[in-house]
Asker: 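Below: one structure in structure tokens.
It should be emphasised that the depicted structure is a prediction, and the values quoted were computed from it without experimental measurement.
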Amino acid sequence: MSGEVDVAGAVQAVAGVGRRPLWTPDFGFYFTGRAVSMLGDTMLPVAISLAVLGAGYGPSGVGFVLASWMAPFGALILFGGVFADRFTARRMMIAADLVRLVSQSVMAAAFAAGTPRLWQIVALSAISGAAAAMFQPGVSSMVPHVASDLQRANATLRVADAIAQLLGPALAGVLVGLGGAGLVFVVDAATFAVSAVCLLLMRVRPLPSTEPGSSMLRNLREGWDEFRSRTWMWSVIIIWSVYGVLVFGPLIPLGAALITEGHGRGAYGWIMSAAGAGTVVGGLVAVWFRPSRPLMAGAIAMTLYFFEPLSLALHMPLPVLAAAFAVTGSVWGFWSVMWATSVQTQVSQDVLNRVTAYEVAGSVLSLPLGQALAGPAAERLGAENVLAAGFVVGLVGIAFLLGVPAIRGLRRAAPVGETVRS
């Protein structure tokens with residue numbers, strides 16, 4: 001197999017050329033809804049930060065609002081998985097979109113009417129986070145219902161996510177300049193309306209997969225049993241939880257501080273754009289490259305990710321930082337596709353939402369802790385030392401992943417008619 005990446009072939013693969021059709025009506029609706037919704041999600045942090053700061057509540061207010069979103073998300077994500085299996089992911093996603101349509105519309109109205117109280121912003125943010133917990137388990141589990149080639153579908157969606165991450169923050173800044181934070185919340189509400197309509201128009205109608213009348217506790221236990229029975233899955237989540245505290249969590253606050261101090265505020269935007277562009281490349285590579293052992297290939301690629309904290313710790317020149325972030329974005333995009341496809345093909349549909357809820361919870365709940373500890377740790381040890389430690393922890397974690405036979409040996413489950421490439 002040639003080691004050269006056929007970019008033209010990758011682009012053709014995204015377009016569905018030379019393979020079984022990807023762009024069915026159902027996938028088209030799902031892709032549109034998710035892409036538009038993701039654009040709104042990427043606008044939201046900028047909108048919240050500028051809105052809360054502009055209202056005079058300071059950085060602490062921003063922290064409270066962001067935490068008020070994450071807290072109900074983390075607390076309810078497992079129940080979101082149960083409800084998705086009980087009432088179907090599609091219904092839960094539509095309901096969550098409608099709730100967020102209302103909450104963001106109220107937020108827009110509150111800012112349009114003047115300066116809302118902090119508790120009002122916190123409450124609306126908490127409602128949005130709770131709805132997101134009901135929505136998230138279905139993001140992955142709907143893909144097998146709308147696409148036969150899961151890796152290509154996941155890669156295509158990942159590319160769209162990356163493009164949204166590139167455009168969303170910039171668009172939010174422009175909208176705030178034009179009409180204030182309220183205008184961003186109006187647009188965000190509209191994205192949830194589009195997502196709900198797209199999900200409603202899909203012809204696929206997944207059936208509930210839990211027994212009628214079964215208890216919530218039993219449903220949660222079944223999901224947990226399925227999750228813990230897969231060594232490859234819980235092993236990765238344990239490492240990702242450690243990464244959340246020691247690597248991923250400190251990266252954003254400490255990286256932003258070091259870049260802006262050394263290269264100016266504008267440099268941080270360029271660096272994040274480089275990471276987003278890299279993620280697009282990683283998604284395109286994942287369309288083309290189909291390793292027989294996806295998690296092993298993804299883990300090997302992720303070795304390069306940890307040069308991001310190292311480059312920050314060493315105060316590398318701006319072009320080197322941009323290159324490092326582009327590389328880390330690409331390997332992150334590739335890993336994301338390998339992971340999502342593995343979960344979707346190795347877990348049966350009747351428990352996929354609940355298992356997805358457990359793996360999402362394990363992956364993201366340690367991030368706030370890492371972000372909260374980053375500042376005190378940097379004050380005591382130095383930001384450079386914290387990031388350098390993250391580099392070491394990252395490589396040790398990859399060594400652990402590759403040392404677990406269940407991860408190293410997990411083989412890709414290929415759909416009928418598809419060839420697995422070594």
Side-chain angles (χ1 to χ4, degrees), residues 23-48 50-51 65 68-69 72-73 76-77 80 83-84 87-113 116 120-121 123-143 145-146 156-157 160-176 178-206 353:
W23 293 99
T24 62
D26 278 339
F27 182 77
F29 284 130
Y30 182 73
F31 175 87
T32 301
R34 175 164 162 177
V36 172
S37 179
M38 177 59 69
L39 181 64
D41 288 344
T42 59
M43 293 166 56
L44 199 54
V46 175
I48 287 176
L50 296 177
V65 174
S68 71
W69 188 97
F73 179 85
L76 298 175
I77 182 68
F83 291 143
F87 303 112
T88 75
R90 176 175 168 273
R91 290 174 181 170
M92 292 305 302
M93 293 170 78
I94 292 173
D97 277 335
L98 294 177
V99 169
R100 289 185 290 182
L101 166 62
V102 173
S103 69
Q104 298 308 89
S105 296
V106 173
M107 187 84 83
F111 275 100
Q120 294 173 322
I121 304 173
L124 290 170
S125 180
I127 292 172
S128 180
M134 300 297 109
F135 183 93
Q136 190 62 36
V139 169
S140 179
S141 68
M142 282 298 298
V143 177
H145 291 289
V146 299
T156 304
L157 292 166
D161 289 352
I163 294 174
Q165 290 166 3
L166 276 171
L167 299 179
L171 179 58
V174 171
L175 291 175
V176 170
L178 291 175
L183 181 58
V184 183
F185 290 115
V186 169
V187 174
D188 192 41
T191 65
F192 293 125
V194 171
S195 176
V197 170
C198 288
L199 289 166
L200 191 62
L201 291 175
M202 288 167 50
R203 292 174 297 179
V204 62
R205 298 290 189 273
N353 289 299

Asker: Please report the shortest heavy-atom distance between Met38 and Ala164, naming the atom on each side.
Answerer: CG-CB, 3.6 Å
Asker: Under 3.5 Å, side chain of Asp26 to main-chain N/O of Val146, donor-acceptor pair present?
Answerer: no
Asker: Indicate the atoms forming the closest heavy-atom contact of Ala108 with Val186, along with that distance.
Answerer: CB-CG2, 3.5 Å
Asker: If every non-hydrogen atom of Pro137 is compared with every non-hydrogen atom of Gly80, which pair is closest and at what distance?
Answerer: CG-C, 3.7 Å
Asker: I need the minimum non-hydrogen distance between Ile94 and Ala196, along with the two atoms involved.
Answerer: CG1-O, 4.2 Å
Asker: To the nearest 0.5 Å, what is the distance between CE on Met107 and CG on Leu44?
Answerer: 7.5 Å
Asker: Would you say the side-chain atoms of Tyr30 pair up with the backbone N or O of Val139, donor to acceptor, closer than 3.5 Å?
Answerer: yes
Asker: Would you call Phe29 and Leu200 a side-chain contact if the rule is heavy atoms closer than 4.5 Å?
Answerer: no
Asker: Can you tell me how far CZ of Phe27 sits from CE of Met202, rounded to the nearest 0.5 angstrom?
Answerer: 10.5 Å
Asker: Determine yes or no for a side-chain-to-main-chain donor-acceptor pair under 3.5 angstrom, with Arg90 supplying the side chain and Met142 the backbone.
Answerer: no
Asker: Where is the tightest heavy-atom contact between Leu76 and Ala130, given as atom of each residue plus distance?
Answerer: CD1-CB, 3.6 Å
Asker: Check Arg100 with Asp188, please: is the shortest side-chain N to carboxylate O separation under 4.0 Å?
Answerer: no
Asker: Without swapping roles, check the side chain of Ser195 against the backbone of Phe192 for a donor-acceptor pair under 3.5 Å.
Answerer: no
Asker: Looking at every non-hydrogen atom in both residues, tell me the closest pair between Ala131 and Ala96 and how far apart they are.
Answerer: O-CB, 3.2 Å
Asker: Using side chain to side chain contact (heavy atoms under 4.5 Å, CB included), reason through Met43 and Leu175 one step at a time and then give a plain yes or no.
Answerer: CA-CA 10 Å; Met43 293 166 56; Leu175 291 175; 3.5 Å; yes
Asker: Quick one: pull up CE in Met134 and CE in Met93 and give me the separation to the nearest 0.5 Å.
Answerer: 13.0 Å
Asker: Any chance you could measure Trp69, atom CH2, to Ile127, atom CD1, to the nearest 0.5 Å?
Answerer: 14.0 Å
Asker: Kindly determine whether Phe111 and Ile121 satisfy side chain to side chain contact (heavy atoms under 4.5 Å, CB included), including the steps that lead there.
Answerer: CA-CA 10 Å; Phe111 275 100; Ile121 304 173; 3.7 Å; yes
Asker: Starting at OG of Ser128, measure out to CG of Leu101 and round the result to the nearest 0.5 Å.
Answerer: 11.0 Å
Asker: A quick test of your reading: do over 12 heavy atoms of other residues, nucleotides or ligands sit less than 6.0 Å from CZ of Arg34?
Answerer: yes
Asker: Can any side-chain N or O of Ser125 pair as donor or acceptor with the backbone N or O of Ser68 at less than 3.5 Å?
Answerer: no
Asker: Taking the six-membered ring for Trp, are Trp23 and Phe31 parallel (under 30°), tilted (30 to 60°) or perpendicular (over 60°)?
Answerer: perpendicular
Asker: To the nearest 0.5 angstrom, please state how far the CD1 atom of Ile163 sits from the CG atom of Leu39.
Answerer: 11.0 Å
